[in-house]
Amino acid sequence: MASCFIGRLRCSRRICGFSGTPIMTVRTRFAPSPTGFLHIGGARTALFSWAFARRHGGTFILRIEDTDVARSTPAAVQAILDGMRWLGLAHDEGPFYQMQRMDRYKVVIGQMLEAGTAYHCYTPTEELDALREAQRSRGEKPRYDGRWRPESGKVLPTPPVGVPPVVRFRNPQSGVVAWNDQVKGRVEFANAELDDLVIARADGTPTYNFCVVVDDWDMGITHVIRGDDHVNNTPRQVNILKALGATVPTYAHLSMILGDDGQKLSKRHGAVSVMQYDEDGFLPEAVLNYLARLGWSHGDEEVFTMAQFVEWFDLDHITSSAAQFNTEKLLWLNQHFLKQADDSGLAAETKRRLEAQGISTAGGPDLLKVVALYKDRAATLKELADAVHPLYAEVHASSELRAQHLTEAARAALATLCERLVDIAWEKTAIGPAIKETAIAAGLKMPQVAMPLRVILLGQAQTPSIDAIIEVMGRELVLDRLKRGLA
RNA sequence: GACCCUAUCGUCUAGAGGCCUAGGACAAUACCCUUUCACGGUAUGAACCCGGGUUCGAAUCCCGGUGGGGUCGCCA
């Protein structure tokens with residue numbers, strides 16, 4: 001299985017690679033570590049990687065970076081998969097799991113050891129900690145001092161017996177590593193700033209920076225689109241790639257997304273699963289549209305479909321500074337998509353949400369018509385379900401509301417209206433005038449009748465147009481609630 | 001502390017030296033519509049971090065400062 005996988009990837013790289021003018025087939029990847037849910041920042045990274053591949057007719061790969069055995073969980077893998085599916089970001093290859101590629105990493109490490117681009121280091125963790133602390137107290141950047149790094153003419157310490165070594169990458173000590181970042185421009189690091197990072201732990205398992213390199217190489221990744229927090233890993237990865245003789249991919253580092261309050265998002269503060277947005281009644285297309293505009297732009301375009309996004313998406317218009325998440329705008333977008341959404345889909349979703357609360361819509365007002373009547377007034381599916389709730393459940397108007405609107409005059413007028421409603425043509429074009437006429441006859445203004453009607457029928461003062469509400473509720477339910485409300 | 005990134009309305013952003021009296025969107029405010037609340041419509045207020053250069057001309061280029069962020073693990 002594993003060898004077949006590697007073989008296939010090699011093959012695809014050959015296709016993109018060699019002939020005089022290489023026609024590069026775009027291959028991007030999203031590579032989350034399964035230590036938690038898919039949050040909004042990860043979702044945007046995934047979206048951009050996906051869109052870039054789609055834009056160029058390329059391949060989008062999903063890779064699960066699960067080498068941190070202690071923190072990775074199958075539940076988190078599932079959460080990521082669920083989030084991606086909800087967003088509709090389908091991958092073309094994968095998901096690949098790094099834990100299943102151990103053999104391959106070990107082969108490469110062996111090759112590097114042999115080639116002298118990596119070496120064994122026996123320094124105990126405690127000594128490393130002490131070293132870092134000393135460096136820090138001297139105001140230096142903490143880093144490995146190269147005590148086990150082989151140099152010509154240098155005498156290495158004698159390896160202690162019974163101590164398994166880690167493997168370190170032999171990073172160049174002079175010169176610079178630079179790349180042309182697609183969002184940040186040229187980024188340059190002095191090799192002197194870098195130290196010899198551990199690429200394999202004492203137990204033999206490879207570490208993140210190494211696995212990424214081997215995977216990006218094997219999988220023929222052409223464009224690495226990832227979070228800003230990886231900028232400092234990039235020079236190390238580039239150096240390893242070069243030591244391996246691999247082609248260095250193009251990098252694009254996305255700046256981070258801040259919370260609504262301008263603070264950085266973390267598990268402890270503000271970061272929520274994309275599935276929470278589903279729960280809260282957001283439409284995936286709204287979330288996607290919002291995320292697309294957070295850090296990327298296409299002139300003044302604010303609302304667009306994913307098809308348009310894919311057509312327009314480019315790396316040139318990605319913002320290089322951090323963006324603050326704005327729930328208000330997401331809400332506005334969601335409302336926009338909600339208004340355009342197909343009524344039957346909304347009805348099904350509303351039914352599901354009501355049933356989750358133990359409320360049945362069977363035998364009640366036609367949900368399709370109800371939803372059509374209410375959808376302009378809700379920003380989320382949750383709000384829609386909540387708004388529609390009184391049509392299907394017992395209604396209890398607060399005594400304040402009743403006291404405010406159910407005056408004696410109003411009660412009398414409603415009693416009259418009740419009689420008229422018994423045999424009136426059941427459509428709002430007849431119901432509306434009937435209410436008006438009743439009000440006039442009673443010497444009342446329209447709101448003096450409409451408001452108490454709202455309170456009795458739905459238990460609240462804010463509802464859609466009262467004639468439309470009455471029509472959609474149906475004669476039986478309206479008369480029943482009126483009689484009981486007036487009793 | 002060191003290194004790296006970053007800086008236009010409250011927020012997301014347009015802006016590639018003259019099209020900028022800085023545009024759009026969300027939010028805000030006012031008015032219109034109206035049967036309440038929304039929706040919708042119209043209008044208004046609101047920004048180039050600071051200081052130096054370069055240039056005939058800078059929001060745009062360069063340098064410095066300041067603010068914000070990231071990274072310095074046998075985590076990813």
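Quick caveat, the model's predicted, so the values are computed rather than measured. The figures here come from the full heavy-atom set of this structure, side chains too, leaving out hydrogens, waters and symmetry mates. Each chain gets a letter, A, B and so on, in the order the sequences are listed, and its residues count up from 1.
Counting only heavy atoms from C-beta on, A:Ser321 has its side chain closest to B:U6 among B:U6, B:U35, B:C5. Of all nucleotides listed (B:G69, B:G73, B:C3), B:G73 comes nearest to the side chain of A:Pro142.
A:Asp66 and A:Gln98 are not linked by any side-chain donor-acceptor pair at a separation below 3.5 angstrom, with hydrogens and angles left out of the test.
A cation-pi geometry, defined here as NZ or CZ lying under 6.0 Å from the six-membered ring centre and within 45° of its normal, holds between A:Arg168 and A:Tyr144.
A:Asp467 comes within contact range of at least one nucleobase, with a heavy-atom separation under 4.0 Å. The residue A:Gln460 sits apart from the nucleic acid: no heavy atom pair falls under 4.0 Å. Looking at heavy-atom distances under 4.0 Å, A:Asp300 makes contact with a base. Nucleic acid contact for A:Phe189: sugar-phosphate only, since backbone atoms but no base atoms lie under 4.0 Å from a heavy atom of the residue. Heavy atoms of A:Gln335 sit under 4.0 angstrom from primed sugar atoms or phosphate atoms, though from no base atom. Within 4.0 Å (heavy atoms only), A:Val198 reaches sugar-phosphate atoms of the nucleic acid but no base atom.
Residue A:Lys339 has no polar side-chain atom (N or O) positioned under 4.0 Å from OP1 or OP2 of B:A38. Taking 4.0 angstrom as the limit, A:Thr35 places none of its side-chain polar atoms (N or O) nearer than this to OP1 or OP2 of B:A76. Taking only side-chain nitrogens and oxygens, A:Ser297 comes nearer than 4.0 Å to OP1 or OP2 of B:A14. For A:His298, no side-chain nitrogen or oxygen approaches OP1 or OP2 of B:A14 to under 4.0 Å. Taking side-chain N and O atoms only, A:Ser320 has no distance below 4.0 Å to OP1 or OP2 of B:C5.
Residue pairs that meet the side-chain hydrogen bond (donor to acceptor under 3.5 Å, both in side chains) test with at least one member in residues 326-336 of chain A, sequence neighbours left out, are A:Asp260-A:Thr327, A:Glu302-A:Lys329.
Taking 4.0 Å as the cut-off between side-chain N and carboxylate O, A:Lys184 and A:Asp228 count as a salt-bridged pair. Of the charged side-chain nitrogens involved, none lies within less than 4.0 Å of a carboxylate oxygen, so that A:Arg29 and A:Asp215 do not count as a salt-bridged pair.
The same atom, C1', is picked in B:A28 and in B:C9; the two are 12 Å apart, to the nearest Å.
To the nearest angstrom, C1' of B:C26 lies 9 Å from CG of A:Leu333.
Both A:Arg132 and A:Gln462 sit near RNA chain B, but only A:Gln462 has its closest nucleotide nearer the 5' end. Sequence order on RNA chain B of the closest nucleotides to A:Arg168 and A:Asp316 puts A:Asp316 first from the 5' end.
A donor N or O paired with an acceptor N or O is not found under 3.5 Å between the base of B:U13 and the side-chain atoms of A:Arg293. The base of B:A76 is paired with the side chain of A:Asn233 by a donor and an acceptor separated by under 3.5 Å. Interface remark: the A:Glu302 side chain does form a donor-acceptor pair with the B:G24 base, using a distance-only criterion of under 3.5 Å.
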